[in-house]
Amino acid sequence: GRYEVSVSAPGFGRGKAAAVLTAGEASLHFELAPATLAQEIQVTASQVLARPEDLSQFPGSAAVLSAATLAQSRVFTTEEALRKVSGVHARSEDGFGLRPNVGIRGLNPTRSTRVLLLEDGIPLSYAPYGDNASYYHPPVDRFEGVEVVKGASQILYGPMTVGGVINYLTPPPPEQTLGSLTLLGGNRNYGNASASLGTRWGTTSALVSIMRKQGEGSRENTRHGLVDFNSKVATAVSSRQSLTFRFNYYREDSNITYSGLRQSEWDANPRANPFRNDFFYIHRYGGSVTHSWAVQENLVLTTNAYATSFSRDWWRQSSNSGQRPNDSADPACGGMANLNTTCGNEGRLRLYHTWGLDPKFKWNYPLAGARSETAFGFRYHGEIQNRRQKNGPLPHSRDGVIVEDNDRLATAFSGFLQNQFLVGRWSLTPGLRLEGVRYERTNFLANAGQGVTGETSFTTWIPGLGAAYRVAGDVTLFAGIHRGFAPPRVEDAIDNNTGASVDLDAELSWNTEAGIRASLHENFRIEATFFRMDFENQIVPSSIAGGAGATLTNAGETLHQGVELAGKVRIPRILPPGHSLTLRSSYTALPVAKYVGTRFSSISGFTNVSVTGNRLPYAPRHLLTADATYIHSTGLQVFLEAVYTGSQFADDLNTIAGTPDGQRGLIPGNALWNVALNYPLSAWNATLFLTVKNLGDRLVIADRTRGLLPGIPRLVQAGMHIAF
């Protein structure tokens, strides 16, 4: 088959080459030029895991999705990729992967609010402190790898430390002139074209890529179109210093609604969407500069300076299936019969500016006969949110009466110190993080148009401790405990009308885990982890719990407890020479995910009903992703994958029968099958591929948060990737 081979050695640059292996002999030739320290630290500056290829001494649960794994399965969406990692619950919303909903270890996945998302080690969310909801997410096509950290080491990367860290890796600029072109299309009017070109001159290398894709989502009257442009330039300033510049532009134009279906609508047509006048527009600009400096042979300073501008306009006719098609302030509407004639349209208009400075030190030194590595640094981070709402009089309105005009500011200063002690087979890693946050909110419409401003602040210490013991060879035991922390949103911490501080605490938990990671043979790897997340205070939005509105409440004590299993085995001997079979699986068992403190339902009409002991919403007991990859001697790859999601409740009352508004009721478990075929054309340096997602075209309920939403239908796509 066709392979991409990478070779590296201490003191040398990395060499890459394409190789085609046939039944006969094949030879490869690499030339490794002596590298500077600056080039070496350039490679690892964007990574969360110091050595993702060797986790033997990492004191916690972690996983790496390689470029080969993503390419073999031809992943269509980010949630499809993340389901390959144990402990991760990623569900679809739009069927196009534009806004994945990701939860870890039983945390609610809606809008990925309890996960820290990074890109090349830099915050990806437009407001990670003041509003961590992910209404924007880069397309999975942009990445060449994904790192997931769930243990105590995530305290290096706040503010979110309750669930885990997901770091997306973009391709580095090449050492020579290289390019690629990918074209594919499929049903539901899907089309995707992307191209990249990289080159190197002297000590500077650059990579530019652009992608355009479009298609229909999981429902009728939904269409998506986006453009994603990226550039990266890396240069060695001296033998010890390097600079990396990144710039990204993203534009999206989607015909998509916020609302799901009522039960009666689902029964009539589960892929229906009556809100054909709802449109979603995004413009995002992002840039960063990374300075890497080998101050000494054993001391490296990496500094990230970053800034983003994010604009989102969402014109929609409904907030949820319980208030349709608009609210009581729209007397001309008169119900669903007039939806596309006299009903108004609400514009939820958002503008975010984010910036920060993030220097980090790594210092290796001997200490009392042992090896020691200290990581320390700080971050200054700022956010400005401008949120406006205009209510237009007609379905196609793009202007109207201003009913909301808010500015929300967040300023944060954080610092961390972590040290890894390496003594014989032991690795001990204590760490401490400080988060200090100040919020300010101004409502320009309050007080008869005079405006009201309020502010609040809080400071939190976040400790962590991890340990690893290398039993023998590549068998490692690990354990850890750390403080989980997630700040509340600005809008929930400060009252909109009075500016007073709301008694809404940050989320706090104690997270523990213990496990084993083993490579018993070059063809067999396994990781097993027991975890426990004990929340002193978990914040649950009423809308997520099944009620109307967006009020957040202190849910009190909750408990998450379970087991993660991940394994990979390659079976070389039962097949003829030139053939191979690889099996992989990731399984999560979550028997405990419940309210354990005094807690009453947040659903309107049931606020006097105790839900203590009830299961948390959107926390399935079982998650399983298993796949098999067969490679023929001709290079043909056949990939088959099964994805099982267990049943889950959609509300804190643990309602089983579906309610008329579609927002409450049991979501049944389901199993979906995916298949991908890859065939190399050696003479063209190209690969042909064919994929089928949801092979059986099974209809599943993906979400009930704002009414019933269907999962993806069967998607068939074919294409070609050409490298030159």
Side-chain angles (χ1 to χ4, degrees), residues 48-49 52 55 60-66 69-70 73 75-93 97 99-119 124-125 132 134 137-138 140 143 145-151 153-154 157 160-169 484 486 511 513 515 517 527-533 560-568 584-590 593 616-627 641-646 648 669-672 674 702-703 711:
V48 165
L49 299 172
L55 298 173
S61 177
V64 178
L65 298 177
S66 66
T69 299
L70 300 178
S73 56
V75 293
F76 178 56
T77 64
T78 305
E79 57 259 36
E80 182 187 341
L82 293 175
R83 291 186 194 118
K84 302 178 188 296
V85 179
S86 61
V88 177
H89 178 206
R91 72 159 193 259
S92 175
E93 176 180 333
R99 277 158 288 283
N101 295 270
V102 182
I104 293 180
R105 294 178 171 175
L107 293 172
N108 196 302
T110 300
R111 292 282 175 260
S112 307
T113 56
R114 294 301 173 260
V115 178
L116 180 62
L117 300 177
L118 306 175
E119 183 174 14
L124 175 62
S125 302
N132 196 45
S134 294
H137 196 284
V140 70
F143 311 128
V146 183
E147 301 173 317
V148 181
V149 174
K150 294 164 282 183
S153 291
Q154 66 180 285
Y157 302 97
M160 297 290 172
T161 64
V162 289
V165 178
I166 298 175
N167 184 38
Y168 301 109
L169 299 172
N511 298 1
E513 67 174 10
R517 182 167 44 242
E527 180 175 305
T529 308
F530 167 81
F531 63 87
R532 178 186 174 97
M533 301 165 59
H560 307 236
Q561 187 170 286
V563 175
E564 299 168 351
L565 299 173
K568 176 181 178 180
R584 282 174 299 217
S585 67
S586 297
Y587 171 67
T588 307
L590 186 67
L616 293 167
Y618 296 101
R621 293 179 182 273
H622 302 282
L623 295 169
L624 173 66
T625 297
D627 64 67
E641 179 182 59
V643 181
Y644 174 76
T645 304
Q648 51 196 303
N670 59 82
L672 303 180
N674 304 318
D703 186 20

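Given the structure is predicted, the values throughout are model-derived calculations rather than measurements.
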Quiz item: Among all residues two or more places apart in sequence or in another chain, which pass the side chain to side chain contact (heavy atoms under 4.5 Å, CB included) test with Thr77?
Solution: Glu79, Glu80
Quiz item: Do Asn101 and Tyr618 have side-chain N/O donor and acceptor atoms under 3.5 Å apart?
Solution: no
Quiz prompt | Backbone of Ser86 reached by a side-chain donor or acceptor of Lys150 within 3.5 Å | solution = yes
Practice problem: Output all residues satisfying side chain to side chain contact (heavy atoms under 4.5 Å, CB included) with Ala702, sequence neighbours left out; order by chain, then residue number. | Solution: none
Quiz item: So do His622 and Tyr644 actually touch side chain to side chain, heavy atoms under 4.5 Å?
Solution: yes
Quiz item: Do Phe530 and Gln561 come close enough that some side-chain heavy atom pair is under 4.5 Å?
Solution: yes
Quiz item: How would you list, by chain and number, every residue that makes a side-chain hydrogen bond (donor to acceptor under 3.5 Å, both in side chains) with Glu527, sequence neighbours excluded?
Solution: Ser61, Arg517
Exercise. Quick one: list whatever passes salt bridge (charged side-chain N to carboxylate O under 4.0 Å, His left out) with Glu93, sequence neighbours left out.
Key: Arg111, Arg706
Self-check item: Heavy-atom pair with the smallest gap, counting every atom of Thr78 and Pro100
Solution: CB-CG, 4.3 Å
Quiz item: With a 4.5 Å limit on heavy-atom distance, are the side chains of Leu82 and Val146 in contact?
Solution: yes
Practice problem: Heavy atoms only: give me the nearest Leu117-Ser134 pair and the separation to one decimal. | Solution: CD1-OG, 3.6 Å
Quiz item: side chain to side chain contact (heavy atoms under 4.5 Å, CB included) with Arg621: which residues, sequence neighbours excluded?
Solution: Arg615
Practice problem: Decide yes or no on side-chain contact (heavy atoms from CB on, under 4.5 Å) for Met160 and Val115, but give the supporting numbers first. | Solution: CA-CA 6 Å; Met160 297 290 172; Val115 178; over 6 Å; no
Practice problem: Please report the C-alpha distance between Leu116 and Ile166 in whole Å, then the side-chain angles of each, then the deciding distance to 0.1 Å, and finally whether the side-chain contact (heavy atoms from CB on, under 4.5 Å) criterion is met. | Solution: CA-CA 6 Å; Leu116 180 62; Ile166 298 175; over 6 Å; no
Exercise. Report the residues that fulfil ring pair (Phe, Tyr, Trp, His ring centres under 6.0 Å) with Tyr168, sequence neighbours left out, ordered by chain and then residue number.
Key: His137, Phe143
Quiz prompt | Within-4.5 Å side-chain heavy-atom neighbours: Ile104 and Val88 | solution = yes
Quiz item: What residues, two or more places apart in sequence or in another chain, satisfy salt bridge (charged side-chain N to carboxylate O under 4.0 Å, His left out) together with Arg83?
Solution: none
Quiz item: Hey, what do you get for NE2 (His89) to CG (Asn108), rounding to the nearest 0.5 Å?
Solution: 9.0 Å
Quiz item: Out of curiosity, Asp627 CG to Arg584 CZ, how far, rounded to the nearest 0.5 Å?
Solution: 4.5 Å
Quiz item: So, Ser66 side chain and Thr69 main chain: donor-acceptor pair closer than 3.5 Å or not?
Solution: yes
Quiz item: Are the side chains of Asp703 and Arg91 in touch, meaning some heavy atoms are under 4.5 Å apart?
Solution: yes
Quiz item: Taking side chain as C-beta onward, heavy atoms only, is His560 less than 4.5 Å from Leu616?
Solution: yes
Quiz item: So, do Leu107 and Met533 sit near enough that their side-chain heavy atoms are less than 4.5 Å apart?
Solution: yes
Quiz item: Can you list the residues that meet the side-chain hydrogen bond (donor to acceptor under 3.5 Å, both in side chains) rule with Asn674, with sequence neighbours excluded?
Solution: Glu641
Quiz item: How close do Leu65 and Ala81 get, heavy atom to heavy atom, and via which atoms?
Solution: CD1-O, 3.3 Å
Quiz item: What closest approach, in Å, do Pro109 and Gly103 show between heavy atoms, and which atom pair accounts for it?
Solution: CB-N, 3.4 Å
Quiz prompt | Those residues that, when tested against Ser125, pass side-chain hydrogen bond (donor to acceptor under 3.5 Å, both in side chains) (two or more places apart) | solution = Asn132
Exercise. With sequence neighbours left out, write down each residue that passes side chain to side chain contact (heavy atoms under 4.5 Å, CB included) with Ala642, or none if nothing qualifies.
Key: Trp673
Practice problem: Please name the pair of heavy atoms, one in Arg114 and one in Val162, separated by the smallest distance, quoted to 0.1 Å. | Solution: O-CG2, 3.6 Å
Practice problem: Give the C-alpha distance, both sets of side-chain angles, the deciding distance and a yes or no for side-chain contact (heavy atoms from CB on, under 4.5 Å) between Phe531 and Asn511. | Solution: CA-CA 7 Å; Phe531 63 87; Asn511 298 1; over 6 Å; no
Quiz item: With sequence neighbours left out, what residues match Glu513 under salt bridge (charged side-chain N to carboxylate O under 4.0 Å, His left out)?
Solution: Arg105
Quiz item: Under 3.5 Å, is there a donor-acceptor pair between the side chain of Ser112 and the main chain of Val102?
Solution: yes
Quiz item: Do you know which two heavy atoms are closest between Ala63 and Val85, and how far apart they sit?
Solution: CB-CG1, 3.8 Å
Self-check item: Ser586 side-chain N/O to Lys84 backbone N/O, donor-acceptor pair under 3.5 Å
Solution: yes
